[in-house]
Amino acid sequence: MRIGHGYDVHRLTEGRKLILGGVEIPFERGLDGHSDADVLVHALMDALLGAAGERDIGVLFPDTDPRYKGVSSLLLLEEVMRRLREKNLRVGNADVTVLAQRPKLKDCIPRMRENLAKAMEIPLDRINVKATTEEGLGFTGSGEGIACHAVCLLEE
């Protein structure tokens, strides 16, 4: 068994769509980044890569590479999963927590889980997504950005 942890954060900004777990969330601002800035998928990919002993997403999918400009993070997740399969690793489970004061995400979580399970080619019950506020504290609580933690278990 191998355990991985991932963390990512992006600033909220005007003029961008808010994409989390591959779901477009209705909101007045989106996350700033080179790709679609899906902080949830980014944290998950780093957890998976860490458990596999691989480098992080900044090395695999650098923001200096025009191929990744605006790309769906779910496509990048599929590439991470391909790498895991090459190493004969499979996902035991993954658990993700999004930290955001706004917007409320509970109604979008089922679609996020479905998107992730499909991209990872795993049963739905092996992926969990939760969302929490930080009671107005810090950059996520003030609405400056959204952060995400992810943990996963890989089996050989």
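Throughout, residue positions are numbered sequentially from 1 according to the sequence presented.
Within a 6.0 Å sphere centred on CZ of Arg55, other residues, nucleotides and ligands contribute 12 heavy atoms or fewer. Summarising the local packing, NZ of Lys87 is surrounded by more than 12 heavy atoms from other residues, nucleotides or ligands at distances under 6.0 Å.
Legend: residues meeting salt bridge (charged side-chain N to carboxylate O under 4.0 Å, His left out) with Lys130, ordered by chain and number and at least two apart, are Asp95. Partners of Phe27 under the ring-ring contact (aromatic ring centres under 6.0 Å, His included) rule, at least two apart in sequence or in another chain, do not exist in this structure. For Thr132, there are no side chain to side chain donor-acceptor pair (under 3.5 Å) partners two or more places apart in sequence or in a different chain. The salt bridge (charged side-chain N to carboxylate O under 4.0 Å, His left out) test applied to Asp63 returns no partner, not counting sequence neighbours. Looking at residues two or more places apart in sequence or on another chain, you find no side chain to side chain donor-acceptor pair (under 3.5 Å) involving Asp56. With sequence neighbours excluded, no residue forms a salt bridge (charged side-chain N to carboxylate O under 4.0 Å, His left out) with Glu114. For Glu155, the salt bridge (charged side-chain N to carboxylate O under 4.0 Å, His left out) partners two or more places apart in sequence, or in a different chain, are Arg90. By the side chain to side chain donor-acceptor pair (under 3.5 Å) test, Arg82 is found to be paired with Glu79, Glu86, residues two or more places apart in sequence or in another chain being considered.
Here the side chain of Gln101 pairs no donor or acceptor atom with the backbone of Thr140 at under 3.5 angstrom. Although no hydrogens or angles enter the test, the distance criterion places no donor-acceptor pair under 3.5 Å between the side chain of Arg126 and the main chain of Ala117.
Gly33 approaches Arg16 most closely through the heavy-atom pair O-NH1, 3.0 Å. Across all non-hydrogen atoms, the minimal contact from Thr97 to Leu99 is O-CD1, 3.7 Å. Scanning both residues, Leu89 and Glu156, for their nearest heavy atoms gives CD2-CG, 3.4 Å. Across all non-hydrogen atoms, the minimal contact from Cys148 to Ala43 is O-CB, 3.6 Å. Between Ile109 and Val129, the shortest heavy-atom distance links the atoms CG2-O, 3.5 Å. Closest approach of Ala51 to Gly4, counting heavy atoms only: CB-N, 3.5 Å.
By the rule that hydrophobic residues join a cluster once side-chain heavy atoms approach within less than 4.5 Å of another member, Val39 and Val151 end up as members of separate clusters. Under the 4.5 Å side-chain contact rule for hydrophobic residues, Met120 and Leu49 share a cluster. Cluster annotation: Leu40 is not connected to Ile19 through the hydrophobic network of ILVMFWY side chains, with a link wherever side-chain heavy atoms come within less than 4.5 Å.
A heavy-atom distance below 4.5 Å is found between the side chains of Leu18 and Pro103. Leu48 is listed as a side-chain neighbour of Met81, based on a closest heavy-atom distance under 4.5 Å. Inter-residue side-chain proximity for Leu116 and Val41 is flagged as met; some heavy-atom pair is nearer than 4.5 Å. Using a 4.5 Å cut-off on side-chain heavy atoms (C-beta onward), Lys104 and Thr133 make contact. No side-chain heavy atom of Asn93 sits less than 4.5 Å from a side-chain heavy atom of Asn128. Residues Val23 and Asn115 have side chains in contact (heavy-atom distance under 4.5 Å, counting atoms from C-beta outward). The shortest side-chain heavy-atom distance between Leu31 and Ile146 falls under the 4.5 Å cut-off. Residues Leu76 and Leu60 fail the side-chain proximity criterion, which asks for heavy atoms closer than 4.5 Å.
In this structure, CE on Met112 lies 12.5 Å from CG on Leu44, to the nearest 0.5 angstrom.
Phe139 forms part of a hydrophobic cluster together with Tyr7, Val9, judged by ILVMFWY side-chain heavy-atom separations under 4.5 Å. Here Met1 is tied into one hydrophobic group with Ile3, Leu153, each link being a pair of ILVMFWY side chains closer than 4.5 Å.
Within the structure, every pair that satisfies the side-chain hydrogen bond (donor to acceptor under 3.5 Å, both in side chains) test and touches residues 22-51, not counting sequence neighbours, is listed here: Asp8-His42, His10-His42, Glu28-Arg102, Ser35-His42, Asp36-Ser73, His42-Ser73. Listed by first and then second residue, the salt bridge (charged side-chain N to carboxylate O under 4.0 Å, His left out) pairs that reach into residues 132-148 come to none, sequence neighbours excluded.
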